[in-house]
Amino acid sequence: MEPKLEPRDEPLVSGFLQNPNPNYGLKVPVAESNAVNGTRTNGSDENNDRSEINGNLESMIDVIDVDEVMDPDALAIVLVPDEEDNQLANVEPSYRRKFPPRSAELVRVSNLEIEDERYFRELVRKTRTLYDSLWIYVTLEEDRRRSLLDGPVPRARVRADLKVASMMRDRGLWLNQDKRIVGPIPGGYEDDEDSGDVIIYTGHGGQDKNSRQVAHQKLEGGNLGMERSMHHGVEVRVVRGFKYKGGAGDKVYVYDGIYKIDEYWFEIGKSGFGVYKFKLVRMEGQPEMGSAILKFAENIKTNPLGARPVGYVSLDISRNKEKVPVFLFNDIDDNHDPLEYDYQVTTIFPSFVYHNARNGGGCNCSGGCTVDCLCAKKNGGEFAYDINGRLIKGKPLIIECGPLCSCPPNCWNRVSQKGVRNTFEVFRSMETGWGVRSLDLIQAGSFICEYTGVVLTREQAQVFTMNGEDTLVYPNRFGERWAEWGDFSQVFSDYVRPSYPSIPPLEFAIDVSKIRNLACYMSHSPCPNVFVQLVMYDHSNFGFPHLMLFAMENIPPLRELSLDYGAAGEWTEKLAICN
DNA sequence: GGATGTTCATAATA
DNA sequence: CTATTATGAACATC
């Protein structure tokens, strides 16, 4: 099914100053203010990482007079309440809030050192990964709970997003709870593209519960926030929502960069009531991102040569072996190497693997697998995937239903064996040689592809390397990144890392010198967005699982995929093995 | 299947 | 301080 993108009528806007008090103190002499350093930080006491973040931040931000906002050298904007408000703020409340109120300070972070930028990017990535895996877990738990109820009308499903947000907030896992950070998000990618977007954003208020305009909007709340942001030159971060058919959820939200508020006006609409309109103009010098990339990727998918007249070497290096085409793109040199190899959709094991150790056979769930399923028991009494085929949590091994099972082909427990679902392209780059990227948005936990080749036993591999060949991949050298997917140790105190089903040390190698698939073109990264999950389905030899690759986070189209090949030093950072 | 209604957690405001 | 209102997202239902 083809994902379809439809733009939302109005973009969502966040990151603006929202302050109903026009007399909020605006003048803060730099020398006197220590408002930032004096701010309490949430959760820093019990979590070393977080106190370290705040420690880093404080050294990088500064407090300035708000009149200097337009100064390009300005490091931070901090608005501090005037004397009267300060006195109010200092009154010790007689009740205890669950969370301290968020500070009204606006902070701009700039001139990050490369290590700091890397640190923040990794922190955000980990937080997103935790959110995404928790979301899948909570949704599944809730469905299970509801399925146990026999009531006539099942209660509405609890909102997993809200529940996960609460869980993470309770444990101090939200980022930037204490300060409001404005400006560009650290961790973007260098580029000079500018889509020149202009947005006319309609303010809020004056509507009844049927979303009909029944009164004039007022310059308050978010509307006032927009006006104040324009006045002080505080940029607005724009997030666009799209309907996304073919995905698990029904909508996706993408960050589209920072916009400046050019002007605003009050306008009488068809209803006869006035609404505020804000003209937002995308700031220059930002990379192409978000919805622009999504649209571009859609265009490539439907008409590759139209969208990119130069560079496509092949429109399917799998030669119809995959259910979806695998493009080959090179617009920087004449290298066409990936065409030279036989393409194999799944790994070929030595024949003895299929004949040995057929323990147990398959399940007998002719109608469809339930919790009592034999294969579920092999996975520790639970299914590995949710209804959308997303991996629930990484394990040493996952056993899918297979040819010996009685369940139908659409059984939930058959995912990775069905092969590639997204459109990928192998592409040439200056930095990484060959790389792999998707033209679809890949949701966290989704299956990507198998890492295929020809399996060599330890003995065969020794002979192979003696002949001077160096195109072997060793499964036991991949970093154990599966453990990070569904790692709830920060959320549940009794969380233990999955150790079942346990597997023996893997002593085979994969030869990609003649036969391979797109996986071996993936680059190495110490902070990968793809991980290896071992899976078995077509035999029962625990020493020879399939190497299946899953998404560690939501991966936007055209973002390079990366794997942790482990074995530090053997490959330089971001070097694909198949170069 | 698209429109409409309900529910949720939270923040702002009365 | 509590109570009410407003908000947008996700889900259920029409």
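Every chain is numbered from 1, with letters handed out A, B, ... down the list of sequences.
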**Q** Tell me: CG of A:Leu219 to P of B:dA12, nearest whole Å?
**A** 17 Å
**Q** Within this structure, what is the OH-to-C1' distance between A:Tyr131 and C:dA10, rounded to whole angstrom?
**A** 10 Å
**Q** Can you see if the side chain of A:Thr139 gets near the phosphate of C:dA10 - specifically, an N or O under 4.0 Å from OP1 or OP2?
**A** no
**Q** Side chain of A:Leu162: nearest nucleotide among C:dT7, B:dA9, B:dT7?
**A** B:dA9
**Q** Rounded to whole angstroms, how far apart are NE2 on A:His204 and C1' on C:dT5?
**A** 13 Å
**Q** Round to the nearest Å and state the distance from A:Met168 atom CE to B:dA9 atom C1'.
**A** 16 Å
**Q** Round to the nearest Å and state the distance from A:Arg159 atom CZ to B:dA9 atom C1'.
**A** 9 Å
**Q** Work out which heavy atom in A:Val254 is nearest to a heavy atom in A:Ser291; give both atom names and the distance.
**A** CG2-N, 3.5 Å
**Q** Measure from CG on A:Leu224 to P on B:dA11 and round the result to the nearest Å.
**A** 19 Å
**Q** Give the rounded distance in Å between these two atoms: NZ of A:Lys163 and P of B:dT7.
**A** 18 Å
**Q** Of all the choices, B:dT10, C:dT7, C:dC11, which nucleotide is nearest to the side chain of A:Trp135 once you look at every atom?
**A** C:dC11
**Q** How long is the line joining CE of A:Met167 and P of B:dC8, in whole Å?
**A** 18 Å
**Q** Please tell me if A:Arg169 has a side-chain N or O lying less than 4.0 Å from either OP1 or OP2 of B:dA11.
**A** yes
**Q** If you take all heavy atoms of A:Cys369 and A:Cys411, which pair is closest and at what distance?
**A** SG-SG, 3.6 Å
**Q** How long is the gap from OH on A:Tyr264 to CD on A:Glu227, to the nearest 0.5 Å?
**A** 4.5 Å
**Q** Side chains of A:Ser416 and A:Glu400: is there a donor and an acceptor less than 3.5 Å apart?
**A** yes
**Q** Out of B:dA9, C:dA9, C:dT7, which nucleotide sits closest to the side chain of A:Asp161?
**A** C:dA9
